[in-house]
Amino acid sequence: MAFGADELRVLRRALAAALHPAPLADEDVRDCLRLADSVDEAVREAGRQRDFLVADLARYRAALPGSATGYLELLQEALAAGHEPLTDDLAALRALRGHPVAAAVLRRCLALAEQSVQARLARQAVPVPGVPAPAVHVPAPAGARRARLTALPGGRAAEDPKSKPQPQQPKQPKPTPPAPDERPVPKPSEVFPPRRKPVPPPEQRAAG
């Protein structure tokens with residue numbers, strides 16, 4: 001984005017006001033606001049053009065290898081506009097490696113992809129305040145023996161099992177004796193005595 005002479009003067013006044021705060025005239029404030037609106041509109045327009053360019057690039061990539069010339073031109077234009085090469089772009093360039101322009105563009109895309117990965121890793125490595133760092137597990141050497149665990153004084157090993165309180169057995173309820181005025185319940189043998197065999201008369205016994 002290029003600034004004109006008037007825009008540069010407004011930008012210079014805005015920077016001076018930022019470095020040395022001082023009351024601004026109403027006209028200077030309006031100029032700064034107009035410059036900010038112009039910059040925002042230029043950024044939005046650049047985004048729209050980049051989206052159209054990426055869409056055209058996808059159409060040319062789908063029509064390969066017949067559209068190799070147009071695809072390579074659009075890809076270089078997109079890279080100049082800040083487009084990061086995708087996996088599909090790298091695969092298409094590898095398929096066109098016999099093309100001299102494609103080989104050069106492939107080397108450029110590989111360098112840009114590596115820079116993008118390194119920048120992403122650098123952002124992830126920056127510690128964020130208030131967020132604990134992930135724990136790193138350091139494996140023990142192969143020849144090292146595991147330390148034997150020993151009981152600490154006062155721990156569970158020092159407790160005497162005999163000194164532990166034994167659980168109390170529940171007491172069986174004692175049968176309550178019957179009241180003096182109550183008669184005990186008679187047994188069935190007392191109510192119904194066993195039947196005796198009949199004794200034959202004396203005459204039958206003498207005859208037998």
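Scope of the values below: all heavy atoms of this structure, side chains included, with no hydrogens, waters or symmetry mates. For the single chain, residues carry numbers from 1 onward in sequence order.
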Minimum heavy-atom separation for [X] to [Y], with atom names?
| X | Y | answer |
| --- | --- | --- |
| Pro85 | Ala113 | CG-N, 4.4 Å |
| Arg108 | Ala80 | NH2-N, 4.0 Å |
| Cys109 | Leu75 | SG-CD2, 4.3 Å |
| Tyr71 | Tyr60 | N-CD2, 3.7 Å |

Atom [atom1] in [X], atom [atom2] in [Y]: separation rounded to 0.5 Å?
| X | Y | atom1 | atom2 | answer |
| --- | --- | --- | --- | --- |
| Leu93 | Leu110 | CG | CG | 8.0 Å |
| Ser116 | Leu121 | OG | CG | 9.5 Å |
| Leu57 | Gln76 | CG | CD | 11.0 Å |
| Glu77 | Leu53 | CD | CG | 5.0 Å |

Check your understanding: Would you say the side-chain atoms of Asp89 pair up with the backbone N or O of Leu86, donor to acceptor, closer than 3.5 Å?
Key -> yes

Review point. Is the side chain of Ser38 donor-acceptor paired with the backbone N or O of Arg34 at a distance under 3.5 Å, no angle test?
Key: yes

Practice item. Check salt bridge (Lys or Arg N to Asp or Glu O under 4.0 Å) between Glu114 and all other residues, then give those that pass, not counting sequence neighbours. Key: none

Practice item. Applying salt bridge (Lys or Arg N to Asp or Glu O under 4.0 Å), name anything that partners Asp28, two or more places apart in sequence or on another chain. Key: Arg13

Do the side chains of [X] and [Y] join up, straight or via other hydrophobic residues, at under 4.5 Å, putting them in one cluster?
| X | Y | result |
| --- | --- | --- |
| Val10 | Leu15 | yes |
| Leu74 | Leu90 | yes |
| Val117 | Leu112 | no |

Point to revise | Qualifying residues under side-chain hydrogen bond (donor to acceptor under 3.5 Å, both in side chains), relative to Arg44, sequence neighbours excluded | key: Glu41

Practice item. For atom CD of Glu27, decide whether the heavy atoms of other residues, nucleotides or ligands shown that lie under 6.0 angstrom number more than 12. Key: no

Point to revise | Pairing of Glu45 and Arg48 as salt bridge, 4.0 angstrom limit | key: yes

